[in-house]
Amino acid sequence: MSTVSDTRSVIGSPDEIRVAHRAHWGWWVLTGFVLLCAAGIVQMLFTNPNLEWNVVAGWFFSQSIVFGLLRTLELTVLAMFFGILLGMLTAVMRLSPIKILSTVAWFYTWFFRGTPLLVQLIFWYNLAALFPTIDIGIPFVGPTVWSGNANQIVTPFMAALLGLALNEGAYMSEIVRGGILSVDQGQQEAAVALGMRTSRALRRVILPQAMRVIVPPTGNQVIGMLKSTSLVSVTSMPELLYSAQLVYNRTFQTIPLLIVASIWYLIVTSVLSVIQYYIERHYAKGGRRALPLTPWEKVKRMFTRFTPAQTITADRRA
Amino acid sequence: MTVPTIPAGPVAGKREVVLRVTGLKKRFGPLEVLKGVDLIVERGEVMCIIGPSGSGKSTLLRSMNHLEEIDGGRVELDGELVGYRLHGQKYVTLPEKLLARQRTKMGMVFQSFNLFPHMTVLQNIIESPVGVLKQDPKEAKETAMALLGKVGLAEKAQQYPRQLSGGQQQRVAIARALAMKPRVMLFDEPTSALDPELVGEVLDVMKDLALEGLTMVVVTHEMGFAREVADSVLFMDGGVVVERGHPHDVLLNPQMPRTKEFLSKVL
């Protein structure tokens, strides 16, 4: 009926035609309900005197809490660092054709995933009770190369780090292994056909591609680790939660101090999520789709309507 | 198991032997896929290996650069045993370092391209020349750009493989293999994963390489290419070489009933 020029006068040139999403009336009802609930929670947060926001504010930047926070961050970073290292090593060992390596790796994963983290932490903390001295040498055969007092070597911090990192390594190993297995076998073949040795192929070809699968669950693990560090209070390490507990055991302001700790956990988790986002973006290079938007670009998008969703790059392999 | 009346070796005149396969055997579990295969590839020769699927032709090609471990016989490149070394009366697997060095002399092109998706086209090509052969990155880049020009994709150097069509990806894969300056190129059904309209551009590149005198072993279903470009054709079935010789003899005037039957289906 209408001519081309008619159409143009209404919606502009054909390449500007956009899809308009029609909202369903049910969505409006649901949105209203959610907003109402949110308003209720906000009102409660402001009016409930038991939350004692002045106490929260007073302790938020106090020395004991900030030191606890730094301890938590230190433990999280170190335990994750060694955990990821151990996990990569174990994953590669698991996939090795050399039987003894894959068996050792399997046993490690089995043991450290199979026992509670809390038990492992208590065990390391009490290592001196089990082995007063630590001797390094070949069992039954060689002379002792090195020997030391367990109490001096395994400090509370060491016990915490050992427990967290060894446990983390076992979980990370499965995450890394899954990532490596997700890479097409042809990639390994192409790499060795080009004269690369297995180690180089792994480093340059397989792992960079595996990272896309490895990063999201690793982000989970980091956030989990952040909170698992609270378990190390059993080794009398004053990390964030334990520091808060030490305060409220004295002042009986239990709820405000737990709020202080929770807000800090939430802040750190938010920062970690943003970091994870950019790491994922980095490893999305050469992926099927265009790079995902940065958070800032997403905010801008919210205010500019009628822009198409993520541009899909041409994938001409029919 | 080879048919005794057919002479082993190529049809062309006396030249330098690049690749020699003797009595090659390979089994996957109970299934014997190669039952003793002999062949000789001379310098500058283009050999096409044809045959029905499951005949063992891809396995044969993959055994040549030791992507498959073999169960019997041997593969020699320039007179050097590939993948193994003789230790007394036994063959022992070669240390990885030496095997990797041997593989640099054999370029391989896969059916599914296998470009590295996280690297640009240029990075794909210079990765091994720089990382393995320790070439100067600047020189390697120049070589890579020249090779890309040759396969007609110079303007795609900064693209990622997934932004290219299948035919373009395969041409990049060929350039990547050539960048190692191999003694012989092995093609494993290089056009089988391509849309029909993209097959031509890849075959054209391969034809040019053949004309330049590159030594090539090509597993293919493209009978036209074999007839036009090959110096010798090898027909395989059931893990043995059934018939071999000049393409005009094997493809146009086959002697063996199995060859005739196969060709009547594909031509």
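Side chains included, hydrogens not; waters and symmetry mates left out as well; all remaining heavy atoms used. In the text below, chain A, chain B and the rest are named by the order of the sequence lines, each starting its count at 1.
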[X]/[Y] ion pair, N-O < 4.0 Å:
| X | Y | answer |
| --- | --- | --- |
| B:Glu69 | B:Lys26 | no |
| B:Asp188 | B:Arg62 | no |
| B:Arg20 | B:Glu42 | no |
| B:Lys141 | B:Glu139 | no |

Could you have a look at [options] and say which one has the most heavy-atom pairs with chain A under 4.5 angstrom?
| options | value |
| --- | --- |
| B:Gln159, B:Arg101, B:His66, B:Lys97 | B:Lys97 |
| B:Gln111, B:Met119, B:Gln102, B:Glu127 | B:Glu127 |
| B:Thr104, B:Val109, B:Asn65, B:Val132 | B:Val132 |

Contacting moiety of [X], where chain A heavy atoms sit under 4.5 Å:
| X | answer |
| --- | --- |
| B:Leu99 | neither |
| B:Phe110 | side chain |
| B:Arg176 | both |
| B:Met108 | side chain |
| B:Lys105 | neither |

For this session: Pick one of side chain, backbone, both or neither for A:Arg204, based on which atoms fall under 4.5 Å of a heavy atom in chain B.
Result: both
Problem set entry | ring-ring contact (aromatic ring centres under 6.0 Å, His included) between B:His118 and B:Tyr160, worked out | CA-CA 7 Å; B:His118 58 301; B:Tyr160 284 97; 9.0 Å; no
Problem set entry | B:Leu31 atom CG: more than 12 heavy-atom contacts under 6.0 Å | yes
For this session: Ignoring hydrogens and angles, state whether a donor on the side chain of A:Glu280 or A:Gln276 is under 3.5 Å from an acceptor on the partner side chain.
Result: yes
